[in-house]
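Single-structure report; data block below.
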Amino acid sequence: MAATRACLLALVVALTFVFMEGRMTAAPSSAGSLVQRRREVRSLLRRLNKPPVASIQSSDGDVIDCVHISKQPAFDHPLLKNHNIQMRPSYNPRGMHHDSNITAHAITQIWHQNSTCPENTIPIRRTKEEDVLRANSIRRFGKKMPRSIPHLNPTNDTDTPNVLRGHQHAVASAQYDKCYGTKSTFNLWKPWIARGNDFSLTQFWITGGSYNGNSLNTIEVGWQVYPNLYSDSNTRLFIYWTRDAYQTTGCYNLLCSGFIQTSNQITIGGSISPISTYGGTQYDIDILVWKDRAGGNWWLQVGGDYVGYWPSSIFSYLEDSASTIMWGGEVFSPDAGQTSTHMGSGHFPNEGFGKASHIKNIQVVDSSNCLNPPSNVGLITEQNNYYNVQSDTYGDWGTYIYYGGPGNNHNCP
């Protein structure tokens with residue numbers, strides 16, 4: 001018996017030694033991985049955060065770096081090393097539809113309260129170490145997941161694979177042989193985000209190509225609430241682009257090379273203020289993207305400001321023209337189960353003006369560089385008891401949609 005106890009004691013001691021030895025050898029490996037990850041993060045930050053001429057501390061927590069226009073991240077792109085900056089578009093689209101009966105309310109960015117960037121600089125939201133560390137991987141920081149665009153399916157087609165991937169949409173779409181841009185007026189809201197990794201956005205998509213062979217090209221602009229990217233729940237102006245169906249190219253805002261900014265007034269990724277209130281004052285923002293017929297660049301205009309452009313050379317299909325344009329909302333939630341994250345105002349389209357979110361004055365740029373109402377508008381939503389969309393045409397609003405919803409709610413199965 002004593003011998004048995006001695007053997008058991010020796011076995012316990014031996015196992016304890018093995019366990020502790022494993023802990024001791026594993027710790028340096030784990031610490032080494034953390035050191036390597038931080039080294040990679042700081043390398044990325046050096047690429048993204050260019051030396052500023054001046055810096056502005058915004059009251060929303062952002063630091064806005066005023067970077068010389070020739071030193072911006074765009075020129076890290078191999079196709080743009082010797083690019084000559086185009087400061088203004090050569091031609092503007094004709095035939096803009098303006099809303100004449102509703103008083104426009106001034107929209108600003110929060111950092112404007114503190115200062116402005118000098119001439120020949122552009123404002124860039126500084127990326128912080130904690131921003132990158134929140135990402136699932138350093139390589140995918142600032143990038144959408146593949147298969148992020150709505151499929152052109154009938155309304156309420158629950159078989160779409162986007163449902164399984166966590167993306168849900170409520171959008172209008174129009175298809176063309178060739179088109180060259182779009183303009184629309186976006187109603188501004190601050191949707192509630194139910195889960196930390198969720199986002200909610202309102203945007204338009206200008207696209208060419210397809211997922212087949214990863215040939216999809218997109219230009220995307222709108223507003224979003226995305227705590228995991230920005231570390232807050234502010235409503236922010238954003239852009240996105242890709243030329244390979246979100247695989248490796250493209251990014252949000254200026255988090256990679258590609259988009260060339262010319263404006264010293266607008267921060268891409270900056271907070272927008274004020275926003276609409278349910279049953280109260282409504283705030284809108286005009287956004288226009290079109291292909292300049294002289295230089296071929298895709299120009300972005302926000303309000304009255306020329307913000308900058310995507311050079312056509314960074315695309316394949318969009319180097320020539322687009323074939324599909326979509327307008328509406330998207331909610332993404334990577335976690336299992338239906339989210340309660342709001343889209344738009346968080347209310348369904350049937351509630352109407354001041355309660356449901358809208359996009360109005362929807363127009364498409366044709367081959368003659370004229371803005372016209374979209375034709376044969378289709379509606380896309382994966383599950384309309386969570387988020388829905390309605391479209392119509394009326395007076396000063398032109399073609400418009402109401403869209404959005406509360407996500408998971410008591411009317412859902």
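As a basis for the values below, the full set of heavy atoms in this structure was taken, side chains included, without hydrogen atoms, waters or symmetry mates. Computed from a predicted structure; not experimentally measured.
Applying the side chain to side chain donor-acceptor pair (under 3.5 Å) rule to H112 yields the partners T108; only residues at least two apart in sequence or on another chain are considered. Partners of H342 by ring-ring contact (aromatic ring centres under 6.0 Å, His included), not counting sequence neighbours, listed by chain and number: W192. Not counting sequence neighbours, the partners of R140 by the side-chain contact (heavy atoms from CB on, under 4.5 Å) test are S137, K143, P146. T248 is linked by a side chain to side chain donor-acceptor pair (under 3.5 Å) to D244, counting only residues two or more places apart in sequence or in another chain. For the side-chain contact (heavy atoms from CB on, under 4.5 Å) test, residues two or more places apart in sequence or in another chain that qualify with D366 are S368, C370, N372. Taking the ring-ring contact (aromatic ring centres under 6.0 Å, His included) definition, one finds that F348 meets it with nothing, sequence neighbours left out. In this structure Y180 satisfies the ring-ring contact (aromatic ring centres under 6.0 Å, His included) test with no other residue, sequence neighbours excluded. Remark: D198 pairs with S333, T339, T341 by the side chain to side chain donor-acceptor pair (under 3.5 Å) rule, at least two apart or across chains. With sequence neighbours left out, T267 forms a side chain to side chain donor-acceptor pair (under 3.5 Å) with W111. Looking at residues two or more places apart in sequence or on another chain, you find a side-chain contact (heavy atoms from CB on, under 4.5 Å) between S115 and I56.
The shortest distance between side-chain heavy atoms of Q301 and K183 does not fall below 4.5 Å.
Within the structure, ring pair (Phe, Tyr, Trp, His ring centres under 6.0 Å) contacts touching residues 37-96 (residues at least two apart or in different chains) are H83-Y309. Counting only residues at least two apart or on different chains, the disulfide bond (SG atoms under 2.5 Å apart) pairs with a member in residues 195-314 are C251-C256.
Between Y226 and F332, the gap from one ring centroid to the other reaches at least 6.0 Å. Aromatic ring centres of F315 and W241: separated by under 6.0 Å.
Although no hydrogens or angles enter the test, the distance criterion places no donor-acceptor pair under 3.5 Å between the side chain of N234 and the main chain of R236. Looking only at distances, a side-chain donor or acceptor of T235 sits under 3.5 Å from a matching main-chain atom of W189. Within the 3.5 Å criterion, the main-chain N or O of G270 finds no donor-acceptor partner in the side chain of R125. Checked by atom type and distance alone, the side chain of Q72 never pairs as donor or acceptor with a backbone atom of I124 at under 3.5 Å. Between the W205 side chain and the T324 main chain, no donor and acceptor come within less than 3.5 Å of each other.
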Subject >> Check against side chain to side chain contact (heavy atoms under 4.5 Å, CB included), I122 and N264 >> reply: CA-CA 4 Å; I122 64 165; N264 68 337; 5.8 Å; no
Subject >> Y400/Y402 under ring-ring contact (aromatic ring centres under 6.0 Å, His included): CA gap, chis, key distance, verdict >> reply: CA-CA 7 Å; Y400 69 90; Y402 282 113; 5.7 Å; yes
Subject >> Stepwise side chain to side chain contact (heavy atoms under 4.5 Å, CB included) test for N217 and I206 >> reply: CA-CA 8 Å; N217 289 205; I206 300 172; over 6 Å; no
**OP:** Applying side chain to side chain donor-acceptor pair (under 3.5 Å), run through E351 and Y278 and close with a yes or a no.
**Re:** CA-CA 11 Å; E351 293 195 40; Y278 183 80; 2.6 Å; yes
**OP:** Just do the side chain to side chain contact (heavy atoms under 4.5 Å, CB included) check on M326 and H169 with the steps written out, would you?
**Re:** CA-CA 11 Å; M326 292 177 279; H169 304 87; over 6 Å; no
**OP:** Evaluate the side chain to side chain contact (heavy atoms under 4.5 Å, CB included) criterion for residues S313 and L80: first the C-alpha distance (whole Å), next the side-chain angles of each, then the deciding distance (0.1 Å), finally the verdict.
**Re:** CA-CA 9 Å; S313 60; L80 303 176; 4.1 Å; yes
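Using a 4.0 Å cut-off between charged nitrogen and carboxylate oxygen, K71 and D65 do not count as a salt-bridge pair.
In this structure, CD1 in I359 is found 6.0 Å from OG in S184, a value given to the nearest 0.5 Å.
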